[in-house]
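Protein chains get the first letters and strands the later ones, always in sequence-line order, with residue 1 at the start of each.
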Amino acid sequence: MGTTLDIKIKRANKVYHTGEMLSGVVVISGKDSVQHQGLSLTVEGTVNLQLSAKSVGVFEAFYNSVKPIQVINSTIEMVKPGKFPGGKTEIPFEFPLHVKSNKVLYETYHGVFVNIQYTLRCDMRRSLLAKDLTKTCEFIVHSTPQKGKWTPSPVDFTITPDTLQNVKERALLPKFLIRGHLNSTNCVITQPLTGELVVESSEAAIKSIELQLVRVETCGCAEGYARDATEIQNIQIADGDVCRGLSIPIYMVFPRLFTCPTLETTNFKVEFEVNIVVLLHPDHLITENFPLKLCRM
Amino acid sequence: GGPGASGRPSQTWRLGGAGSERVNWAGGFRPTGHVTGKMAAFPWHSRNRNYKAEFASCRLEAVPLEFGDYHPLKPITVTESKTKKVSRKGSTSSTSSSSSSSVVDPLSSVLDGTDPLSMFAASADPATLAAAMDSSRKKRDRDDNSIVGSDFEPWASKRGEILARYTTTEKLSINLFMGSEKGKAGTATSAMSEKVRTRLEELDDFEEGSQKELLNLTQQDYVNRIEELNQSLKDAWASDQKVKALKIVIQCSKLLSDTSVIQFYPSKFVLITDILDTFGKLVYERIFSMCVDNRSVLPDHFSPENVNDTAKETCLNWFFKIASIRELIPRFYVEASILKCNKFLSKTGISECLPRLTCMVRGIGDPLVSVYARAYLCRALLTEMMERCKKLGNNALLLNSVMSAFRAEFIATRSMDFIGMIKECDESGFPKHLLFRSLGLNLALADPPESDRLQILNEAWKVITKLKNPQDYINCAEVWVEYTCRHFTKREVNTVLADVIKHMTPDRAFEDSYPQLQSIIKKVIAHFHDFSVLFSVEKFLPFLDMFQKESVRVEVCKCIMEVFIKHQQEPTKDPVILNALLHVCKTMHDSVNALTLEDEKRMLAYLINGFIKMVSFGRDFEQQLSFYVEARSMFCNLEPVLVQLIHACVAYCFITIPSLVGIFTRLNLYLHSGQVALANQCLSQADAFFKAAISLVPEVPKMINIDGKMRPSESFLLEFLCNFFSTLLIVPDHPEHGVLFLVRELLNVVQDYTWEENSDEKIRIYTCVLHLLSAMSQETYLYHVDKVDSNDSLYGGDSKFLAENNKLCETVMAQILEHLKTLAKDEALKRQSSLGLSFFNSILAHGDLRNNRLNQLSVNLWHLAQRHGCVDTRTMVKTLEYIKKQSKQPDMGHLTELALRLPLQTRT
């Protein structure tokens, strides 16, 4: 069992904001003492853009434009070449999260076509004979809370056969009336999406009612772009033929990492939507779409 | 010390004198000169007797003694009790031997339960034992019930009940997708139709190879599978596979959406919520353990500030994970199962989540599934539910539901709140007395804070006592009696009982409420184990008077006696207890009639006996006896009780006899008591009496005072011993002692007794013993005691027994002959002659004269009797005539020849 390298970030949730001090310890542990050529710590933040399969080809023109965008990349030398004694050595570090004036620390986001990720890497360089040791750990950046007051934007909705688009034969649809509201489409990311839904009437039995959280990721720039909507999660709020006239809560927690405040930059966009999906017997799928605006307060 | 402790080697007799250290017997019989010169020892051969035929031929009237008939021994005990007072005065110094008399039945206690006879007798009646055990078990069950109350069930018991009740024979299925977590964030599928997506996910699952569909399971299979899942949940957790654990829980809770075999659903709910509970506990404990650092352990009532960030983060992570569970039902159940973990995050977390989860259930379409989901929520979150109920305005029905469903401890600690709420709530629709009843049920189970107790009782009783309808009243009062008994003294209980009597007496309202009244009694006696306290509760007996229907009254009496037997540790002579319980027992006894079942009788007798056993007046034997006399007259219909009383009286005799002065009185009483004990099949007791008598014999003085004159005691002793030996014929041998143990013991005593010089009494006794031993060797004895197997039945003429018997005879004969030899001096010739003749007569009567040596011995004795001319010729003539007459009897022909060898000596 050789030497191991570990990074322990001070905050348990590993969440940091721009301008804050990322701190923690690097732990070197091993039975024997270890010779090294220096220990360095690198903070790296990148936005990875990826084109969906269907987009490739059409937008080959700007293929190059989807190369990763580096948001932050800086290295500090922690320890000069020398020797670590056997046992456990903890070296504390502090890393101010500052960026150049033209850059922004976007909030960490794990998407499909857009990924914003921050890592902290510790490298122990060693002589030619021994392999260098590296340890990487992700930390999470939350964007600075927005200033100003958050104002809710409630939405009422009514779904009936008549409100539907994309219906081939409206006459074949069973009759139904679903009413409800979202407390706000303008959402604070730490708060759940809430609202109510009432099945006032429905000829057909209800199979399921679901909330589908969708990410809409746009890569590219003015010349051309790819826009893809994918599901983040699907939360069932009603299972089976629910009671008519009884309000069913709409409630969805925004998953961490997979959501971020709605983001719009010159190169990419990350937006979110929620679909209220009603499944009727025998096989009707009714979707009502609501664009959301996520923010961090 | 008993006779066994005398230290005398009983083998003296067993071995017929050989090898004994005692001079008299050690040498055995040494053949000497003129009497029996040629013989070493005479073997004894008993004549076989046909007592029946002899009786018939003698025309003696046979009066068989039936058990229960008048018997001259019976009134003796009573007679003794009258004379005793006189004799006791002077006997204070002579009672040392009865110092162990504080035990009710010293005879049985001496035996220490090892007496095989009584053990056999006990085991011969397993039904009694079973009934006794059964009753005590029932009693225990009932006790449990009275504590738990009739309509409150903690989950643990409810759980078992559900599992037992909701069963099915239909085939069940379990369908588990252990693959990817549905709805896991980041699934790269666009919004497509449910059907397509599900299919794709199923394909994914198949690729992961972990989909299980188990069809056609029997209920037991199903239970086993669920148990396996429970185990694999624990295993996964233990091996740090938290995600797998979560998956198992999700898949399990999904099973709850399947109502296909509806009658099994409740049991399924129980099984699966067990898993959920396990999971919730694991998560909670895990997070809790993370809060424990080196310095401190988190207290049970911690606040979120004390929880460290790592623990909080872990907890938050769980909630985020669960929030993303795709399907409603698993999401609901899993969140509910770890709801308690909200405590780590915020103080108000649980109460904030509760309304949301409650509303969430509305999304469940199937009414059954949704009702059960709500039930689970209630179970998980009693406290928070309560807070909500409080806010919701005091709906009486709701309050009642809360009180009947929540944990009793929970209700009890808030009793004052509840009383406040009950007072305020609107009575229309749901009567308050039911609310108080529900509250009382909770208080019967759990204790309210000490400081509130009296106030609670006062507040509650204030309402209860105002109830007009006796039914409402008694239903409520019944419940509150438990609380009163638990926390208060007899004074309060008395007040409550008085109040109940006051309410239930008008219009004989009690007639409609026997079960409740009975329950009250049970509760009271369950708490007042000290019966002197119980009966000093003034209203207790008046309360009993309300049970006027006989069957109910007897039931109540039985309950009281059961509790008494169970809890009374010390024997008592408390007149209050005795009076009350005699009354109670009499009630039970008087219920016995021709239609009473045997079982019932046995039960009643068991209870009454339990009481009799616990009554002791210590050294005050008169009281004790008069109690027995009273008991006998009261309980004459129950045979086991009479047997018990006989035991008690026998024990009483055993204790009392040593206190008497007159030695012969004592001896005869021991003998009589032994006979009585024998007559009542108290074998071990009889043994003890006989042993006591044996050990008393050496104390008999040579002279005794009779009517102011000193007289020699020998003739009295002789009479007693003869009587004693006659009794010993029918006393069966003790299985642990040797053959004829008592006879040998008595012989030892006789031998060691200092007889008058120049007296033949000892030899006369030996002659008697010879008669006894002859009688003993008969196939069927001359007399018996009903229901007692004497040695004839015990040994059944076993040759070893007969051999032992004959050896004894030889030793006895040797003694007699030895003695005869010593009488060969002038002054004793007359005695020699008379003893010789008497011995001759004995042989004639009991010996088998077909035996040559015995025949020869008798001829020698005949000559000896006549040798010195001291014999009465007329007697000799008569004897010879008798022999000739006898020889005409069947099988006696050999006497003819004998007669020819017996010359009559004429005085010349």
Checklist entry - Do F157(A) and F290(A) come within less than 4.5 Å of each other through their side chains, counting heavy atoms only? => result yes
Checklist entry - Is the closest side-chain heavy-atom distance between T108(A) and H142(A) below 4.5 Å? => result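 When only atoms from C-beta onward are counted, H142(A) and T108(A) do not touch, as no gap falls below 4.5 Å.
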Checklist entry - When only pairs under 4.5 Å are counted, which of G111(A), C243(A), P192(A), S247(A) shares the most heavy-atom pairs with chain B? => result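 So the answer, after comparing G111(A), C243(A), P192(A), S247(A), is S247(A).
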Item to check | Interchain contact, T259(A) with chain B, by part (heavy-atom threshold 4.5 Å) | outcome: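 No part of T259(A) comes within 4.5 Å of chain B.
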Checklist entry - Tell me, side chain or backbone of D241(A) under 4.5 Å from chain B's heavy atoms, or both, or neither? => result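 Only the backbone of D241(A) comes within 4.5 Å of chain B.
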Checklist entry - Taking the inter-plane angle between the rings of Y376(B) and Y333(B) on a 0 to 90° scale, is it parallel (under 30°), tilted (30 to 60°) or perpendicular (over 60°)? => result tilted
Next on the checklist: Please report the interatomic distance CG(D239(A)) to CG(D366(B)), rounded to the nearest 0.5 Å.
Outcome noted: 8.5 Å
